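In what follows, chains are A, B, ... by sequence order, proteins preceding strands, each numbered from 1. Predicted model only: the values in this text are computed from it and were never measured.
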Amino acid sequence: MSRYNFRETETKWQRRWADLGSFAARHEPSRPKYYVLEMFPYPSGKLHVGHVRNYTMGDLVARYRRALGFNVLHPMGWDAFGLPAENAAIAEHVHPGAWTRENIATMRGQLQRMGFSYDWSRELAACDPDYYKHEQKMFLDFLAAGLAYRRESWVNWDPVDHTVLANEQVIDGHGWRTGAPVEKRLLPQWCLRITAFSDSLLDSLRTLDRWPERVRLMQENWIGRSEGARVKFALAGKTPGNANGPIEIFTTRPDTLYGASFLALSPHHPFAQALARKDPALAEFIAECDRLGTSEAAIEAAEKRGHNTGIEAIHPLDPNSRVPVYIANFVLMEYGTGAIFGCPAHDQRDLDFARKYGLDVIPVVLPPGEDPATFAVGDTAYVDDGTAFNSDFLDGLSVADAKRVIGERLESTGAGQRTIQFRLRDWGVSRQRYWGCPIPVIHCGDCGIVPVPAADLPVELPADVTFDKPGNPLDHHPTWKHVNCPKCGKLGRRETDTLDTFFDSSWYFLRFCSAHAPIAFERDEAEYWMPVDQYIGGIEHAVLHLLYSRFFTRALSRCGYLDLDEPFAGLFTQGMVCHQTYQSQNGEWLFPEDVSETGGGKFVDGSGLPVIAGRLEKMSKSKKNVVGLERIVETYGADTARLYLLSDSPPERDLEWTETGIEGIWRYVNRLWRMVTEPAAPLPAPGTAIPNDVSPALLALRRQIHKTIAAVSNDLDQFRFNRAVARIRELTNALDDLPGTDAGAGAVLREGLETTALLLGPMMPHFAEELWQTLGHGIWIAEAKWPVADAALARDDQVTIAVQVNGKLRATLDLPRDTAKDAIEAAALGLPQITRLLDGKPPRKIVVVPNRIVNLVA
RNA sequence: GCGGACGUGGCGAAAUGGUAGACGCAGCAGACUUAAAAUCUGCUCUCCGACAGGAGGUGCCGGUUCGAGUCCGGCCGUCCGCACCA
């Protein structure tokens with residue numbers, strides 16, 4: 001019995017594809033293009049099977065689109081800057097560049113072994129000066145356009161590592177690496193003005209109809225548009241020092257202004273800071289607030305606290321009414337104006353605060369059905385719609401009407417104006433790290449911030465750095481930062497912060513369009529290939545990378561690089577590959593291959609110690625529940641692994657990796673291989689016409705072949721890969737039960753096997769090539785056309801119609817397609833079991849859906 | 001707290017409002033074999049029944065419909081995102 005020799009076959013075809021240059025994309029404006037891209041990986045070491053699921057999907061799409069006749073661009077590169085390289089440098093005493101390049105070589109080899117159809121001539125790495133020099137030019141263009149700027153902002157500071165941490169790197173208020181409590185610090189930061197595009201980024205989400213709804217929602221929430229008003233409160237009496245009014249607040253509920261009982265300001269509000277200079281108690285209160293981390297957990301745990309300044313503000317609509325001004329720990333400086341008015345009756349936080357400090361609770365919105373004379377707010381603020389009362393000229397209006405009327409009044413009296421507030425904040429891109437793109441500016445004592453002249457780009461990272469002390473190695477370097485000011489020639493200082501690595505990944509898809517251009521990218525080539533038709537990656541980038549890239553494309557367009565808003569027309573977010581986790585009794589994670597199973601349970605290999613089997617979790621190095629790609633490819637081949645990754649779960653859902661699952665695919669591969677190499681009926685020569693007079697059973701098989709072509713094409717268009725695989729396997733099962741062994745049977749079998757090979761091509765390219773060649777063809781599947789279903793054959797001429805009585809299935813009818821309604825009715829009523837169920841009486845009602853069902857209502 | 005997704009056999013899953021469980025994994029029985037592996041055949045939602053056939057069944061409770069896994073309302077559960085955003 002012959003077994004499929006994947007080892008020889010896969011390397012053979014990979015060599016041939018490379019020799020032919022099958023996957024090199026050429027700029028051919030006359031041809032329809034298709035740009036398919038998987039999110040480029042961080043070169044962290046070795047790939048495991050969990051990594052290759054999305055590359056398998058991307059390759060399927062690329063090969064499918066090629067077969068359909070598109071000019072396909074399918075590139076691959078490396079998101080090669082980042083902190084893990086620096087950590088490796090510290091732990092293993094290797095240079096981050098050497099470590100990164102070694103990992104790239106390993107992972108490139110692994111991807112090539114999988115047979116992915118990348119245009120390797122366009123490969124790029126973000127750490128290559130040839131790449132990042134363009135990025136530095138972009139930064140300078142953004143600076144000139146006012147899209148990049150420097151400002152002081154509050155950041156998470158790790159006091160041990162001496163570096164800024166992103167919010168994601170703060171765990172329970174502590175640095176993820178050092179465990180030290182994170183401090184809030186006010187630091188100068190380079191920022192990108194993403195908020196300049198808030199409206200556009202929000203509005204055009206509607207146009208991204210090939211993006212998952214959930215990603216669009218996440219971005220919508222992240223951008224967070226709210227309509228409200230800014231209102232000025234003048235201060236009563238004299239205020240100390242240079243702490244002057246009025247105080248402007250932001251609210252989304254101006255309709256509740258008559259319920260105001262206090263103002264609350266952020267500890268970082270300039271007014272609060274000014275007061276603190278004269279008020280040691282307030283200064284101490286603010287310092288205490290700062291000691292709490294900025295992390296969610298720390299904020300959640302903190303109780304609401306305020307400091308009464310003793311100052312009173314004058315109600316903007318009623319000069320006789322005064323409210324106290326508090327500094328409160330729950331007001332964010334970054335949102336709105338950093339100040340709010342408290343309306344305890346209709347906001348839960350304000351209510352909690354008011355109860356704690358004994359402030360008034362004045363209801364101004366009456367819930368439907370309540371009596372204004374008796375309605376009172378207890379422990380729960382009333383936040384829903386109702387009728388305004390206790391509110392002078394607003395009385396009797398609904399919440400929406402009251403908002404409108406008071407907005408008009410505020411604007412006419414000059415006390416405030418209606419505004420739109422976004423939650424989105426500008427993107428801080430400064431990182432105090434070595435392994436990133438240097439920010440190309442020079443600080444000069446006389447000239448201030450001076451851009452590095454274009455002719456001096458790239459600003460390259462120095463190779464001779466040390467990691468022996470905490471902080472930024474660029475800052476410690478003995479000479480690198482000491483340069484002369486390009487403007488005045490005096491000694492200046494180079495910027496030692498590097499760019500957030502999300503900057504690198506915000507434009508790589510443009511670089512792929514002309515990867516060797518002397519400029520960032522050739523405009524005509526970018527405008528031919530862009531937007532990316534199908535982007536594939538993990539849901540973890542739903543906001544960060546995908547939002548940054550959308551911003552970047554707009555920013556580059558504003559700077560004249562191209563004319564495009566949306567970089568990714570289609571997005572697919574794939575599920576993760578999961579695997580059982582194992583721990584030893586002392587809590588150490590164990591690799592699956594170190595666990596052996598005997599009748600009595602699971603044990604650590606060799607030692608006989610019992611193993612605790614844990615949850616199914618995403619494959620990750622830290623939990624050691626990874627399955628190495630090498631072993632799988634060595635045991636089953638790349639194609640078998642690829643088909644398994646596509647077949648077992650819908651692509652957007654998580655997939656559990658099981659050894660039995662991949663073994664099942666391997667059995668299928670060999671079964672199909674035998675069906676081709678030892679056919680059940682003699683196969684006619686390739687291209688031989690199928691006789692018209694084959695038996696009804698063979699005709700039915702031909703119908704199934706053509707129905708499968710139509711269904712699989714449809715499934716692939718809709719990313720329903722698991723269902724496509726199931727349909728192909730169904731066809732294989734039908735071909736295996738070939739009715740007959742004569743010449744007609746052989747001809748139909750050939751049609752079926754050829755179709756199977758072509759349909760499997762995008763999923764199992766090496767195997768499909770080998771099947772195709774074994775079937776007597778010479779052309780590569782990589783270049784062959786996608787099969788087209790014969791419309792007449794793909795349509796059934798006989799249909800099975802379900803017969804229901806009162807909605808319950810009682811019988812089925814086999815009738816010619818498109819049988820008339822009354823004929824179906826008659827046939828159903830003629831069935832003896834139906835007559836019996838109806839007791840011989842005529843039904844009260846008959847529903848007939850042609851070709852589908854007939855329902856008799858008794 | 002706000003927003004969203006999901007809930008179907010022992011397991012992964014199929015099913016334009018129209019025959020629930022395709023395809024596969026695991027399991028059971030059998031064939032081939034000295035034996036094993038590999039391979040092949042059959043069975044495999046639950047209950048009643050020898051069969052034919054019948055009854056029930058898609059988290060729970062209701063509704064719309066000739067007909068609901070699918071649509072609507074309310075619960076319960078799981079997962080994800082955001083979260084002192086005024």
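With sequence neighbours left out, the salt bridge (Lys or Arg N to Asp or Glu O under 4.0 Å) criterion links Lys707(A) to Asp796(A). For Phe767(A), the ring-ring contact (aromatic ring centres under 6.0 Å, His included) partners at least two apart in sequence or on another chain are Tyr4(A).
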Protein-nucleic acid N or O pairs under 3.5 Å, nucleotides 24-29 of chain B:
unit_1, atom_1, unit_2, atom_2, d
rG24(B), OP1, Asn733(A), ND2, 3.2
rC25(B), OP1, Arg667(A), NH2, 2.9
rC25(B), O2', Thr660(A), OG1, 3.2
rA26(B), OP2, Arg667(A), NH2, 3.4

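Nucleotide rU41(B) forms a Watson-Crick or G-U wobble pair with rA29(B), both donor-acceptor distances falling under 3.5 Å. Base pairing analysis places rG73(B) opposite rC61(B); the two distances defining the Watson-Crick or G-U wobble pair are each below 3.5 Å.
Arg305(A) and Glu288(A) are joined by a salt bridge, as a carboxylate oxygen and a charged side-chain nitrogen come within less than 4.0 angstrom of each other. A salt bridge links Glu213(A) with Arg216(A): the distance from a Lys NZ or Arg NE/NH1/NH2 to an Asp or Glu carboxylate oxygen falls below 4.0 Å.
Put simply, Arg653(A) has no side-chain N or O that comes within less than 4.0 Å of OP1 or OP2 on rG12(B). Of the side-chain N and O atoms in Ser647(A), none sit less than 4.0 angstrom from OP1 or OP2 of rC23(B).
Checking side-chain atoms of Asp255(A) against main-chain N and O of Ile406(A) turns up no donor-acceptor pair under 3.5 Å.
Just one of Leu571(A), Leu547(A), Leu208(A), Leu205(A) meets the side chain to side chain contact (heavy atoms under 4.5 Å, CB included) condition when paired with Val215(A); it is Leu571(A).
At whole-Å resolution of the value, CZ in Arg727(A) and P in rA22(B) are 14 Å apart. Per the geometry, CD1 belonging to Ile846(A) stands 15 Å off P belonging to rC66(B), to the nearest Å. The NZ-C1' distance, from Lys808(A) to rG53(B), rounds to 15 Å in whole Å. For Leu731(A) and rA22(B), the CG to C1' distance is 14 Å, given to the nearest whole Å. Regarding Glu334(A), its CD atom lies at a distance of 14 Å from the P atom of rA86(B), rounded to whole Å. Distance Asp654(A) CG to rC11(B) C1': 16 Å, rounded to the nearest Å.
Between Tyr636(A) and Tyr644(A), the distance separating the two ring centers is not shorter than 6.0 angstrom.
Glycosidic conformation of rG59(B) is anti; the angle lies outside 90° of 0.
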